[in-house]
Asker: 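Take a look at the following structure, please.
Computed from a prediction, not measured in an experiment: that's the story for all the values here. Chain naming here is simple, since letters A, B, ... match the order of the sequence lines and numbering starts at 1 in each.
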Number of protein chains: 2
Amino acid sequence: MTRDPLTTRRPRPTLPDRVRDALLGDLYSNVYVAGDRLPNEDELAARFEVSRATIREAVRGLVEAGYLVRRHGSGTFVTARPRHRHTLNANLSYTAMIREAGLEPGRKLLRRLVRKATGDEAGALAIAAGEPVLFVERIRTADGRPVVYSTDRIPTALLGDAADGAIGSSLYELLAGVRREVCSALATLRPVIADERLAHLLDVHVGSPLQRIEQVHFDELGRPVMLSSEWHVPDVFELSVNRMSDAPAGNAGA
Amino acid sequence: MTRDPLTTRRPRPTLPDRVRDALLGDLYSNVYVAGDRLPNEDELAARFEVSRATIREAVRGLVEAGYLVRRHGSGTFVTARPRHRHTLNANLSYTAMIREAGLEPGRKLLRRLVRKATGDEAGALAIAAGEPVLFVERIRTADGRPVVYSTDRIPTALLGDAADGAIGSSLYELLAGVRREVCSALATLRPVIADERLAHLLDVHVGSPLQRIEQVHFDELGRPVMLSSEWHVPDVFELSVNRMSDAPAGNAGA
DNA sequence: GAGTGGTCTAGACCACCGT
DNA sequence: CGGTGGTCTAGACCACTCC
């Protein structure tokens with residue numbers, strides 16, 4: 001046993017974590033409500049018996065999560081209910097979005113082959129044109145109904161032996177398996193009209209609107225690892241985005 | 001004069017700001033390139049003659065901006081070139097996006113009136129149905145060509161006397177003028193087909209695809225202040241989104 | 001086990017906001 | 001002016017990673 005279990009033992013949650021959870025509890029139980037000013041940092045430090053730096057770390061997390069705002073010289077204030085989770089910008093997983101809509105996600109593999117990269121593909125993936133890429137063509141379903149048709153390309157050079165096998169598993173898992181986990185992506189959205197082929201694949205009428213999303217996926221270090229083209233059937237699950245006027249912290253302007 | 005101008009004077013840029021700028025300079029002049037490990041924090045602290053806390057603050061900014069990643073127990077690493085600016089999620093201004101595309105933004109006012117809020121509008125704006133809202137109908141142009149048709153609603157209760165006058169100015173400025181500056185928004189995107197009226201307004205063919213964006217704008221405290229419906233002509237300026245696997249810091253899960 | 005980033009303290013002073 | 005958050009220090013110890 002250590003000297004003083006009460007103060008010494010600190011297995012998982014850090015002090016800022018515990019302070020944050022306590023404040024979050026106060027927010028959810030309406031001890032503080034939207035517009036209220038929190039006690040100042042010295043007072044919070046005294047109340048929780050931690051240093052002011054620890055309080056600031058805890059509050060920083062709640063500010064980033066959108067629960068609080070700080071105003072220099074004035075105080076720290078409670079915001080109205082925080083933003084949606086499951087937005088495009090804060091989420092890479094359509095599976096999670098489909099579940100959020102109360103539907104059961106599924107996947108169907110149409111094709112899987114290795115071919116040479118086109119010029120556009122090579123440019124987006126930072127490889128030479130003609131380099132081999134794994135090409136996968138799939139349909140996602142929600143409660144069995146088709147909702148997304150997609151094609152994905154991954155340079156085989158990234159995959160090594162992993163390119164074979166693991167056919168059923170997610171491409172994210174495939175990349176994570178070779179230490180190139182997808183951490184971010186840049187998506188470009190454009191409305192298009194369903195042609196005969198897309199209408200057939202997605203079980204919609206020719207001429208109906210589809211959301212096209214062109215997307216480059218990046219690993220932890222920001223290197224491109226996968227290029228995707230997606231066609232979404234609208235109104236099955238929402239595509240939403242949290243927007244913020246930028247430069248929230250450390251405005252390293254470039 | 002103060003004692004020692006060289007070390008005492010510190011008018012605007014803070015120490016972390018200066019360290020950050022110095023590191024950013026090293027990144028842009030390729031002193032460090034993608035994948036490199038930075039010197040450890042103690043060494044940086046010694047080099048810049050500041051405390052380790054200051055180094056951590058500087059690095060935090062560069063991590064949030066996407067230039068660096070930290071790996072506990074391993075080091076701090078340089079990423080490949082950071083993400084786009086001018087994405088939907090990091091930007092509230094279409095004017096800036098249009099300029100980014102090298103085009104000249106413009107606006108045309110179609111209608112401006114005060115009417116009662118519908119049930120949907122009232123729900124989104126957290127007011128009672130039937131409360132008066134300022135309703136504005138406009139078209140945005142890029143190099144004179146129509147690119148966005150939009151309708152906006154603002155509760156007149158927020159505006160006071162400011163509701164009149166200032167017809168030509170931006171609605172953001174109108175709200176900022178009554179201390180309810182727009183700081184964030186939640187946008188939902190959906191592809192639609194141009195009907196006769198939209199086709200006429202936006203100078204496109206009936207049946208062509210349009211991007212519809214339904215959006216609630218919030219002030220600093222997260223209170224809704226404006227509801228917008230927009231119809232975008234595709235391919236004039238890009239609508240793109242930076243996506244991240246969430247919980248980057250202070251994962252205050254809800 | 002050596003080296004890295006992560007947590008934490010106590011205390012000082014600065015910059016901004018309101019009255 | 002008093003009160004608030006913002007910056008900064010020096011030093012200690014912890015937790016993770018990799019050899």
Asker: Rounded to the nearest Å, what distance is computed from the CG atom of residue B/D17 to the P atom of nucleotide D/dG6?
Answerer: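 Result: 14 Å.
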
Asker: Check every atom of D/dG6, D/dC13, C/dT4 against the side chain of B/R52 and return the nucleotide holding the closest atom.
Answerer: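 The answer is D/dC13, which lies nearest to the side chain.
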
Asker: Does B/N40 place a side-chain N or O at less than 4.0 Å from the phosphate oxygens OP1/OP2 of C/dT4?
Answerer: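 So the side-chain polar atoms of B/N40 do come within 4.0 Å of the phosphate oxygens OP1 or OP2 of C/dT4, strictly under.
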
Asker: May I have the step-by-step check of side-chain contact (heavy atoms from CB on, under 4.5 Å) for B/T87 and B/V241, ending in yes or no?
Answerer: CA-CA 5 Å; B/T87 54; B/V241 178; 5.6 Å; no

Asker: With a 3.5 Å distance limit and no angle check, can you tell me whether B/R243 reaches the backbone of A/N91 through a side-chain donor-acceptor pair?
Answerer: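 Side chain of B/R243 to backbone of A/N91, a donor-acceptor pair under 3.5 Å: yes, one is there.
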
Asker: Using a strict cut-off of less than 4.0 Å between a Lys/Arg side-chain nitrogen and an Asp/Glu carboxylate oxygen, indicate whether B/E230 and B/R140 qualify as a salt bridge.
Answerer: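 No.
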
Asker: What is the distance, to the nearest angstrom, from the CZ atom on B/R37 to the P atom on D/dT17?
Answerer: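 Result: 15 Å.
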
Asker: Do the ring planes of B/Y28 and B/Y67 sit parallel (below 30°), tilted (30 to 60°) or perpendicular (above 60°)?
Answerer: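 The rings of B/Y28 and B/Y67 stand perpendicular, inter-plane angle above 60°.
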
Asker: Counting only side-chain N and O atoms of B/T54, is one of them less than 4.0 Å from OP1 or OP2 of D/dT9?
Answerer: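 Result: yes.
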
Asker: Would you mind reading off the distance between B/E57 atom CD and D/dT9 atom C1', rounded to a whole angstrom?
Answerer: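 These atoms are roughly 14 Å apart.
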
Asker: Taking atom CD of B/E214 as the centre, report whether more than 12 heavy atoms of other residues, nucleotides or ligands fall under 6.0 Å from it.
Answerer: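 Count over threshold, so yes.
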
Asker: Compare the minimum distances between each of C/dA15, D/dT9, C/dT9 and the side chain of A/V50, then state the nucleotide with the smallest one.
Answerer: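 Nucleotide nearest to A/V50's side chain: C/dT9.
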
Asker: Whole angstrom is fine here: how far is it from CZ in B/F77 over to C1' in C/dG3?
Answerer: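 Between C1' of C/dG3 and CZ of B/F77: 12 Å.
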
Asker: Out of D/dT9, C/dA10, C/dG6, which nucleotide sits closest to the side chain of B/S51?
Answerer: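 So the side chain of B/S51 is nearest to D/dT9.
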
Asker: Assign each of B/D42 and B/A53 to its nearest nucleotide of DNA chain C by heavy atoms, then name whichever residue's nucleotide is nearer the 5' end.
Answerer: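 Looking at the nearest nucleotide for each, B/D42 comes out on the 5' side.
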
Asker: Atom NE2 of B/H72 to atom C1' of C/dT7: distance rounded to whole Å?
Answerer: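 Rounded to whole Å, this separation is 9 Å.
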
Asker: Counting just side-chain N and O atoms, does B/R71 come under 4.0 Å of either OP1 or OP2 of C/dG5?
Answerer: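 Answer is no, no contact under 4.0 Å.
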
Asker: Nearest of C/dT9, D/dT9, D/dG6 to any side-chain atom of A/R70?
Answerer: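 Looking only at heavy atoms from C-beta outward on A/R70, the closest nucleotide is D/dG6.
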
Asker: What is the distance, rounded to the nearest whole Å, between atom CD of B/E43 and atom P of C/dT4?
Answerer: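 So the two atoms are 8 Å apart, to the nearest Å.
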
Asker: Taking CZ from A/R56 and P from D/dT4, how many angstroms apart are they, rounded to a whole number?
Answerer: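 Interatomic distance, CZ of A/R56 to P of D/dT4: 14 Å.
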
Asker: In this structure, how many angstroms lie between the P atom of C/dT9 and the CD atom of A/E41, rounded?
Answerer: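 Answer to the nearest Å: 14 Å.
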
Asker: Is B/S74 near enough to C/dT4 that one of its side-chain N or O atoms lies under 4.0 angstrom from OP1 or OP2?
Answerer: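 No, outside the criterion.
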
